Amino acid sequence: MNEKTDRWWEALLRSLGMPLGGSRAEAAGVALVKVSHAVVAFGISILLARVLGVDAFGRYSFALTVCILLALVAQIGLPPLLLRQTARAKAAGEAPPRRLLRWGLMVGMGLGLSIVAAMLLAISITGLLDPARDDVMAWAVLLVPLTAGQSILAAVIAGSGSAARGHALESVLQVSLTALGFGLVLAVLGTARFGVELAMAINISATALGFAVALWVVHRRGLLARGAPGDQGAPGPRQWLAAAIPLGALGGVQIINANVDMVMLGLLASDRETGIYRVVGQMILALGLLPNAVLLAVRPRYAGLWQQDDRLALQRLVRRSTAASTGLALVLGVGLILVAEPLLALVFGAPFTEGAGPLSVLVAGVVMANAIGPTLTLAGMTGNERVALRIVAIALTGNIVLNALLIPSFGMMGAAASSVASLVFARLWLRHVLRVRLGIEAALLPPIR
């Protein structure tokens, strides 16, 4: 990132009340990483939607979403645990948890490979869905161990004070390699021979290469070395599992809750609606990239300030980051709603204009969620993941029920409304719990005196 771009992002975040302090370069770096990832991922969606068509793009999107959720199972909470422990060690001036990283990488990759074997066996013996979807899923499941390992490696890099580099290795590198692969194969084979299975194979190859690069970076930093400081006197696997599983369940349930609408559309609706809704989801991700960049940049500081028992500074940081993320979400969201239908037609094609209605509903949900505050992030970084897990699990159950009731009658609009209701319910409940437990007001309300 050059100096001019760095100053531009710093000015943007500062104008929104973001307390950058000593993390100005990191905050600007994370914002730039999120922008880069969203741009490339959005370009991939445009390319695949136009080359594959609505139905085939729907099959590709469904398989990809399922495998993202399976990768969460393989991770069992190790990425947030590593990020939190590494950030705490840095704040205390201690060595990073190298032994935990080695153990976590072995467990995450091992569980991922076990999921691959189980899925391939189920597909070969009984089948899971229809033959067309099973063929795509047989390729896509190979993403599970690679995605799990990449997330584990990126988390320890982010927690050590290189948040921008960690997120870049996990997201930007992978989508950039995927886009490059798609471009090269299309140039050689043309669109006529470019199918869903080939698209998924390119995605897998790019993810494998991205994992290799992240592993090399971690190795060069000495974070996998045996006998280094941080190995002696460290907790063992039992203590790690006790801490990781609640964190993993929290993060996993949260992501499942964000993707359950996509999965249930794939099960209860047509490939066409699934493909359109995937495009809508990509636009929502683009909307949230700058608000999320603000929160990602300060997430390690939440853990550090809580470790130092500086609640006043933590309250100021939470309040300003909430104001910054909400302002960004509101401005960008209103603009997106105003141009939704012509933008969908121009970028993806006329069939995708059916997503304008669900897009507006989801935009409203994003703005409301940001105004309530970074409750899940705050809970995870202050050791309140268990209560957050219970709340999000209840919201997930309600989301599944609402999707099952509304999708058959209302399709994509039912899925969008269910997701927003679940999101806002969980954020409001958890905001109240954290206000009582921590004395921290996460929402855009007067702080506790």
Side-chain angles (χ1 to χ4, degrees), residues 1-2 5 29-53 56-65 67-68 71 109 112 135-154 157-158 162-220 275 278-279 281-283 285-286 289 292-293 346-349 352:
M1 182 173 57
N2 61 47
T5 305
V30 170
L32 185 59
V33 165
K34 297 295 287 184
V35 169
S36 302
H37 174 262
V39 169
V40 179
F42 200 67
I44 290 174
S45 294
I46 295 171
L47 176 66
L48 292 181
R50 288 190 171 274
V51 172
L52 297 177
F57 182 64
R59 290 193 294 274
Y60 175 91
S61 302
F62 175 75
L64 198 61
T65 303
C67 290
I68 289 172
M109 296 290 287
D135 290 343
V136 181
M137 191 66 71
W139 279 102
V141 73
L142 298 176
L143 287 168
V144 174
L146 296 170
T147 302
Q150 197 171 32
S151 296
I152 289 168
L153 295 170
I157 295 172
S162 300
R165 181 176 296 180
H167 292 298
L169 287 172
E170 184 178 15
S171 57
V172 176
L173 180 62
Q174 190 270 337
V175 295
S176 299
L177 292 171
T178 303
L180 179 62
F182 285 153
L184 291 175
V185 172
L186 282 169
V188 173
L189 299 181
T191 58
R193 298 171 61 185
F194 191 88
V196 182
E197 292 84 359
L198 180 56
M200 192 62 72
I202 295 170
N203 193 330
I204 294 165
S205 300
T207 305
L209 184 55
F211 169 76
V213 172
L215 185 63
W216 177 79
V217 170
V218 169
H219 174 71
R220 285 292 300 270
R278 171 68 175 180
V279 163
Q282 290 296 107
M283 297 185 75
L285 287 176
L289 69 95
N292 289 339
L346 175 65
V347 176
F348 295 98
F352 289 93

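Here, residue 1 is the first one in the sequence, and each next residue gets the next number. Keep in mind that this is a model prediction, so the values were computed, not measured.
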Can you name the residues that form a salt bridge (Lys or Arg N to Asp or Glu O under 4.0 Å) with R278, not counting sequence neighbours?
none
Considering all heavy atoms, the nearest A148-A71 contact
CB-O, 4.1 Å
Ignoring hydrogens, what is the shortest heavy-atom contact between P145 and L142? Give both atom names and the distance.
CD-O, 3.5 Å
Determine all donor-acceptor pairs shorter than 3.5 Å in which one atom belongs to a side chain in residues 172-184; sequence neighbours excluded.
from: Q174; atom 1: NE2; to: T178; atom 2: OG1; distance (Å): 3.2
from: Q174; atom 1: NE2; to: N203; atom 2: OD1; distance (Å): 2.9
from: Q174; atom 1: NE2; to: T207; atom 2: OG1; distance (Å): 3.0
from: S176; atom 1: OG; to: V172; atom 2: O; distance (Å): 2.7
from: T178; atom 1: OG1; to: Q174; atom 2: O; distance (Å): 2.8

Kindly write out the residues that satisfy side chain to side chain contact (heavy atoms under 4.5 Å, CB included) with A140, not counting sequence neighbours, or none if the list is empty.
A63, C67, M200
Show the atom names and distances, to 0.1 Å, of all donor-acceptor pairs under 3.5 Å that link a side chain in residues 43-53 to residues at least two apart or in another chain.
from: S45; atom 1: OG; to: A41; atom 2: O; distance (Å): 3.3
from: S45; atom 1: OG; to: Q282; atom 2: NE2; distance (Å): 3.2
from: R50; atom 1: NE; to: V347; atom 2: O; distance (Å): 2.9
from: R50; atom 1: NH2; to: L346; atom 2: O; distance (Å): 3.1
from: R50; atom 1: NH2; to: V347; atom 2: O; distance (Å): 3.1

Name the orientation class of the two ring planes belonging to F352 and F348 (parallel below 30°, tilted from 30 to 60°, perpendicular beyond 60°).
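Judged by the thresholds at 30° and 60°, the geometry between F352 and F348 is tilted.
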Would you tabulate the side-chain donor-acceptor contacts of residues 186-198 under 3.5 Å, counting partners in other chains and residues two or more places apart, or write 'none'?
none

Results of ring pair (Phe, Tyr, Trp, His ring centres under 6.0 Å) for F211 - residues two or more places apart only
none
Would you check if I68 and T147 make a side-chain contact, meaning some heavy-atom pair closer than 4.5 Å?
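Side chain of I68 against side chain of T147, heavy atoms only: no contact under 4.5 Å found.
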To the nearest 0.5 Å, what is the distance between CZ on R59 and CE on M137?
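The CE atom of M137 is 12.0 Å from CZ of R59, to the nearest 0.5 Å.
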